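FYI, side chains are in, hydrogens and waters are out, and symmetry mates aren't considered; it's all heavy atoms of this structure. Being a predicted model, the structure only gives us computed values, none of them experimental. So you know, we letter chains A, B, ... as the sequences are listed, proteins then strands, and number each from 1.
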Protein chains: 2
Amino acid sequence: MEAVTIKDIARALNLSTSTVSRALRGSYEINPETKRLVMEYAERMNYRPNPIALSLKENRSRVIGVIVPQIANDFFSQAINGIEAIAYNRGYHVIIAQSHESFEREVVTVQQSVARKVDGLLISLSSETNDVSHLQELRQKNFPIVLFDRVSDELDTVKIVSDNYGGAFAATEHLIRSGRRRIAHVTIPPYMSITQERLAGYRAALEQNGLPYDESLIRYVGFGQHEIDPIVDDLLEQSPPPDAFFAASDRLALGCLATLQARRIVIPEQVSIVGFTNIGVAHLLSPPMSTVVQPAKEIGQTAAERLIELIERKQKAAPIGTVRIPTQLIARQSSGV
Amino acid sequence: MEAVTIKDIARALNLSTSTVSRALRGSYEINPETKRLVMEYAERMNYRPNPIALSLKENRSRVIGVIVPQIANDFFSQAINGIEAIAYNRGYHVIIAQSHESFEREVVTVQQSVARKVDGLLISLSSETNDVSHLQELRQKNFPIVLFDRVSDELDTVKIVSDNYGGAFAATEHLIRSGRRRIAHVTIPPYMSITQERLAGYRAALEQNGLPYDESLIRYVGFGQHEIDPIVDDLLEQSPPPDAFFAASDRLALGCLATLQARRIVIPEQVSIVGFTNIGVAHLLSPPMSTVVQPAKEIGQTAAERLIELIERKQKAAPIGTVRIPTQLIARQSSGV
DNA sequence: TTGTACGCGTTATCAG
DNA sequence: CTGATAACGCGTACAA
């Protein structure tokens, strides 16, 4: 509450505020004795520069805005973990906001964040977002923006994503090599960059192995949908039924696992599962199922690093481009197959 | 970048900054015509008051600091979701920091946040934290703090928690009523408020039903430990083995489920599970297992509401005390038992 | 009804 | 080596 300011120190020590300021940051040649005095007093009074005054003066806040569709999501919370780690090391704080998968809220939140004077923005687009003109405008003013995970081709900026195609390819191929032939794909809503990339990887793996791409084995599950069992049950009623599941998120992988357990279907004897998951969940699930681990934390870290680069030397040509971070396949002990 | 200020508007309209300021916030009696002019121009130029200047002037930031042990955790990310929802409705932004379960980092982070001039702090203590003097000091200066989930008896402030005792009691009793007699308890590290409360609820349910409290059925699992299967395997080797598991977090519940699936143990025929979980995960797991759902989001919301009350009318006597939000038992279809 | 001057906390510039 | 002053953007007491 009653924070001590430079002015307080100056008054107490019978100095001017400028002298105190200089002594504190050791800039100009200052009488060592004066400096010592000021330092000691400041230390004793637990002086902390007021960051708000600094922000006003320097026209920067040392705050990074992060806008994600949902915080309560394994991928995003791990990405934020990575962001936070980098940001704090570099002296930035992180302000979080959610778009709740709504385009409108995304736009408002972006505007609010900019009005709040964040130094840059780290955004993962809502599933509703097609139009990115709200971000284009900012980029044209040279405002630092980095997109991660859910990106858009229409925005010229730095983008950090998982290797969704490669991960899905590896997952599918792993199942094929385990002898699976009818691989169901349970995935998130279409029309998102990540969905399309994963679907493409799945399809390519099938085709390169001479297996048909059968749309009746694909299911799109909305983010709001909490019940996975009807979807799994429906797939199981196909004839012939699938002999494997490739779930495109850990939520879906988990749901499949639980439903299969409830239906007394033994993994991997009757079916195999590979989930596109995040670390932590991956480790917990990995005894019965194989997983493709998304580099969520690393994506967050990389995105934060690149954003801070953009912020701190805006004069340089911005290193535009997409960075793809590899996924990692954790194969279940093959003994069981 | 080049944001328009009151000064710009004043210059353009040949007015003084004070007139513009007053016109904008409609306070003093202003010539309606002038007011209209200013409003229109401000609108057209997309004027936004600089929140940093406001903060400096008003000595408040409209920012709430949230300090949690880990963001990448279902409970905390859901709690943050609730916090964010309330905060944004009330015009606050949310700055997130992690203690990473380290006492030292918690102390540093608290200090940093206060130096950053957050208006109040929402904290869930690290598992290492016994000493809360860093928070006591702040409370004595009347700095607004609300503790949630992981709290401490030694700090006199508002605390918001799950009804851990009641939830654990309900979970255990549910298992007993399903005919289970040897109920293993897989839980998080001891010495935390929530662990103790859940353990107490478990024990009370056993004792009230005439069952022995057997320490060999209890396992404490650290947050760093990703492999649950050795623990479950070890429990299964008890003689007689447990006929049920009560897992004290969704991470642990998930790990138990996966291990049991891998061991071909059928739920609920051979064993039952109840997990102390969070919504979302709860719904996904609920076909095979019953769950006690923690009100994570509601805890976040309530904590944020109470903190904002504290911030906005500090003069009033602070409503100190602990609020316990009920948990909810989602019982698996009993048909299977 | 409008304008002038000041203060919030800090640092850079210029003067001494 | 040190002090006075201006400036960052805003709101407001006071003066006109």
* Just checking, is any N or O donor in the side chain of B/Q70 or A/N81 under 3.5 Å from an acceptor N or O on the other one? -> no
* Asked: For A/S16 and D/dA4, is the shortest distance between a side-chain N/O and OP1 or OP2 below 4.0 Å?
  -> no
* Give the rounded distance in Å between these two atoms: CD1 of B/I6 and P of D/dC8. => 14 Å
* Asked: Does any donor atom in the side chain of A/S21 or A/S18 lie under 3.5 Å from an acceptor atom in the other side chain?
  -> no
* Asked: Taking atom P of D/dG11 as reference, at what distance in whole Å does atom CD of B/E58 sit?
  -> 8 Å
* Asked: Between atom CZ in A/R62 and atom C1' in C/dT10, what is the gap in whole Å?
  -> 15 Å
* Interatomic distance, A/L13 CG vs D/dG3 P [rounded to whole Å] -> 10 Å
* Of the nucleotides D/dC1, D/dC10, C/dG3, which one has an atom closest to the side chain of B/L54? -> D/dC10
* Asked: For the pair made of CG in B/D8 and C1' in D/dC10, what is the distance, rounded to whole Å?
  -> 13 Å
* Whole-Å distance between D/dA7 C1' and A/I52 CD1? -> 18 Å
* **Earlier contact from the 5' end, DNA chain D, for B/T19 and B/L56** => B/L56
* To do: Using only heavy-atom distances, determine whether the side chains of A/E106 and A/H134 contain a donor-acceptor pair under 3.5 Å.
  => yes
* Asked: Has the side chain of A/S18 got a donor or acceptor that lies under 3.5 Å from a partner of the other kind on the base of D/dA4?
  -> yes
* Asked: So does A/R22 reach the base of D/dG3 with its side chain, donor to acceptor, closer than 3.5 Å?
  -> yes
* Asked: Between D/dA4 and A/T17, is there an OP1 or OP2 to side-chain N/O distance shorter than 4.0 Å?
  -> no
* Asked: Would you call B/E40 and B/R36 a salt bridge, taking side-chain N to carboxylate O under 4.0 Å as the test?
  -> yes
* Nucleotide nearest A/L15 when distance is taken to its side chain, options C/dT10, D/dG3, C/dT2 -> D/dG3
* More than 12 foreign heavy atoms under 6.0 Å from CD of A/E104: is that the case here? -> no
* 5'-most contact on DNA chain C: A/K7 or A/K57, nearest heavy atom basis? -> A/K7
* Asked: Side-chain N or O of A/Y47 less than 4.0 angstrom from OP1 or OP2 on C/dT10?
  -> yes
* Asked: When the distance from CZ of B/R11 to C1' of D/dG9 is rounded to whole Å, what number comes out?
  -> 12 Å
* Asked: So what does A/S55 hit on the nucleic acid, given a heavy-atom distance under 4.0 Å: a base, only sugar-phosphate, or nothing?
  -> nothing
* Asked: Rounded to the nearest Å, what distance is computed from the CG atom of residue A/N14 to the P atom of nucleotide D/dT2?
  -> 13 Å
